[in-house]
Protein chains: 2
Amino acid sequence: MKNKRPSIRDIAKQLNVSTTTVSFVLNGKAKEKRISEQLAEQVLKFVEEVGYKPNQIAQSLRTGKSRIISLMVEDISNAFFSKVARLIEEAAHQRGYKIIYCSTENSVDKTRELIRMFRDWQIDGYIITPPAGVEEDIQGLINDKHPVVLFDRFFPRLKTNYVIVDNFNSTYKAVNHLISQGYSRIAFVTLESEQVQMNDRLNGYKKALEDCLLPPLVKSLNFDKPAEENKKEITSFLVNNRQLDAIVFATNYISVWGLEAIRDITFMSPADVGIVSFDDHDVFPLFAPPVSAVAQPVEEISKEVINIMLKQLEDPEQMNTNKHVVLPAKLIIRESSLKKKLA
Amino acid sequence: MKNKRPSIRDIAKQLNVSTTTVSFVLNGKAKEKRISEQLAEQVLKFVEEVGYKPNQIAQSLRTGKSRIISLMVEDISNAFFSKVARLIEEAAHQRGYKIIYCSTENSVDKTRELIRMFRDWQIDGYIITPPAGVEEDIQGLINDKHPVVLFDRFFPRLKTNYVIVDNFNSTYKAVNHLISQGYSRIAFVTLESEQVQMNDRLNGYKKALEDCLLPPLVKSLNFDKPAEENKKEITSFLVNNRQLDAIVFATNYISVWGLEAIRDITFMSPADVGIVSFDDHDVFPLFAPPVSAVAQPVEEISKEVINIMLKQLEDPEQMNTNKHVVLPAKLIIRESSLKKKLA
DNA sequence: GTGAAAGCGCTAACAA
DNA sequence: TTGTTAGCGCTTTCAC
């Protein structure tokens with residue numbers, strides 16, 4: 001039933017030329033190999049006619065290249081990552097590359113397994129938001145001359161390309177904004193994590209408070225625990241710290257957990273407490289009240305990431321230089337962080 | 001630099017056996033081919049030692065199988081699709097399959113191109129939320145005996161597997177709920193689309209109104225237009241139909257557009273109008289007011305889809321039967337659809 | 001200018 | 001019980 005696709009040999013046979021000739025023409029080497037224009041055209045025309053498409057698998061096996069880039073993000077269902085994924089895919093697609101996405105779920109094991117799988121597949125390049133603990137695997141990729149671009153986070157000790165936002169200063173500014181609005185008991189809800197981006201956010205928060213001689217108040221959650229549990233954690237944190245008057249959430253999903261927690265606490269209302277989320281979300285403007293956020297420049301991040309990747313892919317020379325891109329994030333002030341009437 | 005990975009031949013040479021033997025052992029055919037346990041074990045041990053991994057590309061070239069399933073959704077950055085994607089990926093992963101996701105953006109051309117690409121890659125199976133207009137391409141896949149599972153929508157004229165929710169009745173119930181809350185001028189905001197799921201939702205809406213002798217009021221948007229434009233469309237629709245007292249949005253992102261539109265209209269507030277969204281969203285509970293929604297059973301959908309796919313993949317007999325799964329959706333009533341104080 | 005042929009790493013029919 | 005070998009479809013060197 002499945003009528004086999006024509007192979008390069010079929011083409012060659014029909015045209016009474018050798019596969020070599022066909023291959024050269026197909027790969028645009030007709031000129032270089034001084035194949036007669038006439039023949040070249042004839043081949044092209046015939047190929048078009050029968051709708052011949054080279055077998056990518058065979059091509060990969062032969063060349064060791066796949067024109068596939070893997071994109072491993074923390075969680076594809078997170079708005080930030082899925083947006084970046086979309087944008088990167090689009091750009092890659094235009095340049096003739098395919099993107100394979102997948103989610104690491106911040107698990108070292110899963111990430112390792114995925115990297116191994118992609119190596120098996122002779123994937124051309126790796127775009128990764130690595131969980132803490134996979135330095136060695138990344139180093140392994142680099143050692144074996146695979147193009148790697150990290151984003152959202154990086155490993156300070158690793159010589160790699162990366163694209164991140166200025167987490168420290170963005171958080172610093174966000175906290176300062178809250179202070180300027182009259183808040184003084186500002187909490188920070190984040191993840192137990194050694195990832196630099198989370199650390200930088202935490203440090204930006206601490207520094208801002210320190211500069212104003214205010215005390216820090218930090219709650220750390222565990223990424224691996226189910227959302228429900230983390231919500232409960234936040235709830236009890238809030239209940240036990242009724243004096244706080246503002247909160248900075250370190251990611252958009254923590255913000256969502258936090259807001260749900262606040263909603264469920266009877267003596268507390270989101271209107272009573274200043275809120276800023278690190279990482280924006282399409283729907284934050286629709287919340288009650290609309291949530292202020294540190295917006296990461298999704299388009300620029302994607303553009304930088306894919307550009308660095310393609311440059312490496314297309315020019316092996318580039319493999320020797322590491323690009324470090326640090327982009328500014330933008331504080332978007334909505335109602336949630338403004339001075340409250342009560343305060 | 002890149003020290004080549006060992007090939008099956010290297011293994012064979014080191015062990016002084018033939019590649020066949022190694023291949024058989026590796027593929028679990030040792031028993032079947034009556035290779036001595038001793039030898040088999042020795043091979044396995046050595047393979048383990050040198051960390052040999054078969055070259056997937058070569059394997060695919062040879063077997064015509066890739067153990068990859070493609071998952072083409074409308075838009076990976078949409079909460080519904082990205083959630084399904086995550087769940088399907090997880091299940092597939094456990095069964096030794098990889099998932100390649102990508103977004104069709106509801107474009108016939110892009111979808112076609114993607115299908116073509118996946119065929120080149122000898123992808124084993126296709127999970128698709130097809131845009132209207134790709135019947136033939138899907139039919140082509142089926143003709144060539146590729147396992148296909150559609151979800152979220154399907155083509156009535158096509159003999160395929162599909163998993164959908166009961167769009168008609170779910171919408172019917174949602175509209176009825178609004179009516180029971182005292183609303184009578186209920187609008188429906190949807191997409192210009194020939195996709196069955198959108199049609200069913202529309203028809204469910206119409207039927208519910210008809211049964212109560214209420215007049216329908218439908219606004220159709222264009223998926224391909226930028227979000228901003230669609231928001232404006234909704235705004236002018238609302239402005240021109242001030243008499244309406246409730247709205248059903250046909251997808252979660254249309255709901256978001258609609259709510260943004262409402263927010264920006266001075267004489268209108270989301271508190272004044274009954275709202276139900278088809279398709280739930282994690283953050284709807286946090287909106288002002290919390291948005292009622294028809295929640296699709298994401299877990300079940302994913303489970304059904306991947307089960308059908310794996311069954312087909314593992315048992316070619318299954319290719320001859322088409323599974324049609326229609327799942328019930330659940331109306332989640334939040335504040336937005338309750339009787340208003342003003343009304 | 002063009003073609004023959006080796007070989008990428010693997011599987012499996014066939015031989016021994 | 002194990003080995004030999006012919007490809008899968010393609011690229012590319014070398015020979016003509």
Side-chain angles (χ1 to χ4, degrees), chain A residues 2-44 46-47 50-68 119-124, chain B residues 2-44 46-47 50-67 117 119-124:
Chain A
K2 190 187 272 189
N3 40 354
K4 221 168 64 14
R5 284 171 26 170
S7 77
I8 198 170
R9 194 148 59 210
D10 298 329
I11 303 285
K13 214 174 289 171
Q14 307 271 332
L15 255 39
N16 262 317
V17 297
S18 81
T19 59
T20 317
T21 309
V22 178
S23 173
F24 281 153
V25 172
L26 256 34
N27 292 309
K29 297 192 179 161
K31 278 249 169 56
E32 183 185 328
K33 300 294 179 181
R34 291 184 303 174
I35 291 181
S36 70
E37 285 227 355
Q38 201 184 355
L39 215 190
E41 213 158 302
Q42 194 188 348
V43 170
L44 252 18
F46 186 73
V47 158
V50 299
Y52 165 80
K53 293 273 166 195
N55 178 317
Q56 302 274 354
I57 303 258
Q59 226 163 7
S60 285
L61 178 59
R62 184 58 230 226
T63 62
K65 300 263 159 255
S66 60
R67 290 193 85 77
I68 291 186
R119 293 183 77 140
D120 284 351
W121 270 95
Q122 306 186 184
I123 290 293
D124 290 352
Chain B
K2 191 188 274 188
N3 41 353
K4 221 167 66 12
R5 286 171 22 170
S7 76
I8 199 171
R9 194 148 57 211
D10 297 328
I11 304 285
K13 213 173 290 171
Q14 307 269 332
L15 254 37
N16 262 317
V17 297
S18 82
T19 59
T20 316
T21 310
V22 179
S23 174
F24 282 152
V25 173
L26 256 34
N27 292 309
K29 297 191 180 163
K31 279 250 167 55
E32 183 184 331
K33 299 294 178 181
R34 292 184 301 175
I35 292 181
S36 70
E37 286 229 355
Q38 198 185 357
L39 216 189
E41 213 157 301
Q42 193 186 350
V43 170
L44 252 17
F46 187 72
V47 157
V50 300
Y52 164 82
K53 291 274 164 192
N55 179 317
Q56 301 275 355
I57 302 258
Q59 225 163 9
S60 285
L61 178 59
R62 184 59 231 222
T63 61
K65 299 263 161 257
S66 59
R67 289 192 86 77
M117 170 185 116
R119 293 184 77 140
D120 284 352
W121 271 94
Q122 306 186 186
I123 291 294
D124 290 352

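Protein chains get the first letters and strands the later ones, always in sequence-line order, with residue 1 at the start of each. In this text the structure is predicted, and so the values were computed from the model without any measurement.
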Looking at the side chain of A/Val17, which of C/dG3, D/dC8, D/dG9 is the nearest nucleotide?
C/dG3
Which nucleotide in C/dT11, C/dG1, D/dG3 has an atom nearest any side-chain atom of B/Thr21
D/dG3
If I take atom [atom1] in residue [X] and atom [atom2] in nucleotide [N], what distance separates them, rounded to the nearest angstrom?
X: B/Lys13; N: C/dC10; atom1: NZ; atom2: C1'; answer: 15 Å
X: A/Leu61; N: D/dT12; atom1: CG; atom2: P; answer: 13 Å
X: A/Gln59; N: D/dG9; atom1: CD; atom2: P; answer: 13 Å
X: B/Arg9; N: D/dT4; atom1: CZ; atom2: C1'; answer: 13 Å
X: B/Asn16; N: D/dT2; atom1: CG; atom2: P; answer: 13 Å
X: A/Asp10; N: D/dC10; atom1: CG; atom2: C1'; answer: 13 Å
X: A/Trp121; N: C/dG9; atom1: CH2; atom2: C1'; answer: 13 Å
X: B/Gln122; N: D/dC10; atom1: CD; atom2: C1'; answer: 12 Å

Contact class for A/Ser36 vs. all strands (heavy atom < 4.0 Å): base, sugar-phosphate, or nothing?
sugar-phosphate
Does A/Leu39 reach a base, just sugar-phosphate, or nothing at all? Heavy atoms under 4.0 Å.
sugar-phosphate
Atom pair [atom1]/[atom2] of [X] and [Y] - distance to nearest 0.5 Å:
X: A/Leu26; Y: A/Thr21; atom1: CG; atom2: OG1; value: 11.0 Å
X: A/Ile68; Y: A/Ile123; atom1: CD1; atom2: CD1; value: 4.5 Å
X: B/Ser66; Y: B/Leu61; atom1: OG; atom2: CG; value: 12.0 Å
X: A/Trp121; Y: B/Ser60; atom1: CH2; atom2: OG; value: 3.5 Å
X: A/Thr63; Y: A/Asp124; atom1: OG1; atom2: CG; value: 8.0 Å

Residues of residues 22-30 of chain A with a heavy atom under 4.0 Å from any atom of DNA chain C, listed by number, are none
With a 4.5 Å limit on heavy-atom distance, are the side chains of B/Gln59 and B/Lys65 in contact?
no
Side-chain heavy-atom pair A/Val25, A/Gln42 within 4.5 angstrom cut-off:
no
Is any side-chain N or O of [X] under 3.5 Å from a base N or O of [N], one able to act as donor and the other as acceptor?
X: B/Arg62; N: D/dG7; answer: yes
X: B/Thr19; N: D/dT4; answer: no
X: A/Ser18; N: C/dA4; answer: no

5'-most contact on DNA chain D (nearest-nucleotide basis), B/Ala58 vs B/Thr20, goes to B/Thr20
